[in-house]
Number of protein chains: 2
Amino acid sequence: MLISLDMTGEEPLYLQLRNAIVLAIGSKSLQEGEGLPSVRQLAEDLGINAMTVNKAYTLLKDQGFIEIDRRQGAKVMVTREAYPHFPERWQEQFTLLIAEGHARGLGREELLEMYETLCNNLFEKGGTD
Amino acid sequence: MLISLDMTGEEPLYLQLRNAIVLAIGSKSLQEGEGLPSVRQLAEDLGINAMTVNKAYTLLKDQGFIEIDRRQGAKVMVTREAYPHFPERWQEQFTLLIAEGHARGLGREELLEMYETLCNNLFEKGGTD
DNA sequence: TATCTGTATTACTAATTATAATACAGATAA
DNA sequence: TTATCTGTATTATAATTAGTAATACAGATA
């Protein structure tokens, strides 16, 4: 899992990190049960503070993407119970993005093509799923 | 265009307003060239401050969804020049949402179904497009 | 002149972001 | 036992941004 952060952009570091990990899980390049680096290790690798990594991990835990064991560290474990807002909140955001694309001139077919292209790009990064 | 804001939620009022208008444009229930209420009028209707409405309008303008004429007020006018970040930024967000859905257990077919359902829901709100 | 536009200014509070230094609890391995 | 890993709680600090609001101004219009 290669993660690079944009230190100059406006997106918070902990969010960039959270998103990178969600992308990795979604593309199966991080698999269920797989362990994540320790907060200190990852912080050192990325050149950021350990508490910033901890913030990302805690967020991922609260959103049901990982579990954290004080002994072994964090590992991928997607659970539905931890995040009951799915799929309602997700659908809202999804609909909003579709609306944005359509408003900007993408027709139904173009939207569908775009969707499929993005899906393919995402899935070919990971394993055979 | 019926807009209702959640005054107690954590989502900022100006963002809720911006999103509601983008949804309306995307579903064609607000059409190209159609005028929006004045900032004061809308602020009064919604029971919020006029500058909050202005912030939403300014954001919509900066993102290329509306044009603002000091004389006539704001009207829907989607332009590509005003927002050169499309489609790159949009694709990133879209991909992230797909990844979230997939990570939470939606397979490729389920994702596609979900996509089509959301599309249909969105488009049937507006006109015949 | 009265009344609409949007908007610039200013203000104020609250929250966010990131970092840092410690310290602690628990587990593990030498 | 000791050293060394985990995560995490605590506290602090600093800079920045967010969010909302009150007010006044400029320009256009009727």
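Quantities reported herein were computed from a predicted structural model and do not represent experimental measurements. Below, chains carry the letters A, B, ... as their sequence lines are ordered, and counting in each starts from 1. Both backbone and side-chain heavy atoms feed into the values below; hydrogens, waters and symmetry mates do not.
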Considering only Ile, Leu, Val, Met, Phe, Trp and Tyr, and joining two whenever side-chain heavy atoms are under 4.5 Å apart, list the other residues clustered with B:M51. none

By side chain to side chain contact (heavy atoms under 4.5 Å, CB included), which residues pair with B:N120, not counting sequence neighbours? A:R108

Taking atom [atom2] of [N] as reference, at what distance in whole Å does atom [atom1] of [X] sit?
X: A:D69; N: C:dA27; atom1: CG; atom2: P; answer: 9 Å
X: B:K61; N: C:dT5; atom1: NZ; atom2: P; answer: 17 Å
X: A:Y57; N: D:dT6; atom1: OH; atom2: P; answer: 10 Å
X: A:L59; N: C:dT17; atom1: CG; atom2: C1'; answer: 14 Å
X: B:I66; N: C:dT5; atom1: CD1; atom2: C1'; answer: 13 Å

Just list the side-chain donor-acceptor pairs under 3.5 Å for residues 53-65 of chain B, sequence neighbours left out, or say none.
unit_1 : atom_1 : unit_2 : atom_2 : d
B:Y57  : OH     : B:P37  : O      : 2.7
B:T58  : OG1    : B:N54  : O      : 2.8
B:Q63  : OE1    : B:R18  : NE     : 2.9
B:Q63  : OE1    : B:R18  : NH2    : 2.9

Group every Ile, Leu, Val, Met, Phe, Trp and Tyr by side-chain heavy-atom contacts under 4.5 Å, then state whether A:L5 and A:L23 land in the same group. yes

If you group Ile, Leu, Val, Met, Phe, Trp and Tyr by side-chain heavy-atom gaps below 4.5 Å, do A:F123 and A:L112 land in one group? yes

If every non-hydrogen atom of [X] is compared with every non-hydrogen atom of [Y], which pair is closest and at what distance?
X: B:T52; Y: B:Y14; answer: O-CB, 3.7 Å
X: A:E32; Y: A:V78; answer: OE2-N, 3.3 Å
X: A:I3; Y: A:L46; answer: O-CD2, 3.6 Å
X: B:L122; Y: B:G26; answer: CD2-O, 4.4 Å

Stems where DNA chain D pairs, listed by first number, each of three or more Watson-Crick or G-U pairs under 3.5 Å: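 Stem list for DNA chain D: C:1-30 with D:1-30.
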
What residue pairs, at least two apart or across chains, pass side-chain hydrogen bond (donor to acceptor under 3.5 Å, both in side chains) with a residue in residues 77-93 of chain B?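 The answer is B:R89-B:E92.
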
Listed once per pair and sorted, the side-chain hydrogen bond (donor to acceptor under 3.5 Å, both in side chains) pairs that draw on residues 40-50 of chain B, sequence neighbours left out: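 Matches after skipping sequence neighbours: B:Q41-B:D45.
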
Pairs under 3.5 angstrom only: tabulate donor-acceptor contacts from the side chains of residues 67-74 of chain A to other protein residues two or more places apart or in another chain.
unit_1 : atom_1 : unit_2 : atom_2 : d
A:D69  : OD1    : A:R71  : N      : 2.9
A:D69  : OD1    : A:R71  : NE     : 3.3
A:D69  : OD2    : A:R71  : NE     : 3.4
A:D69  : OD2    : A:R71  : NH2    : 3.2

Using the 3.5 Å cut-off, write out each protein N or O paired with an N or O of nucleotides 27-30 of chain D and the distance between them.
none

Under 4.0 Å protein heavy-atom contacts per nucleotide of nucleotides 8-15 of chain C, with B for base, S for backbone only and - for none: BB------

Over 60° means perpendicular and under 30° means parallel, so classify the ring planes of A:Y115 and B:Y115, tilted if in between.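 Rings of B:Y115 and A:Y115: parallel, as their planes differ by under 30°.
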
Residue pairs, two or more places apart or on separate chains, that pass salt bridge (Lys or Arg N to Asp or Glu O under 4.0 Å) and touch residues 6-15 of chain B: none

Protein-nucleotides 14-19 of chain D N/O pairs under 3.5 Å:
unit_1 : atom_1 : unit_2 : atom_2 : d
D:dG19 : OP2    : B:Y14  : OH     : 2.7

What distance separates B:M7 CE from B:Q16 CD, expressed to the nearest 0.5 Å?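 Separation between the atoms: 8.0 Å.
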
Below 4.0 angstrom, which residues in residues 34-50 of chain B have at least one non-hydrogen atom near DNA chain C? B:S38, B:V39, B:R40

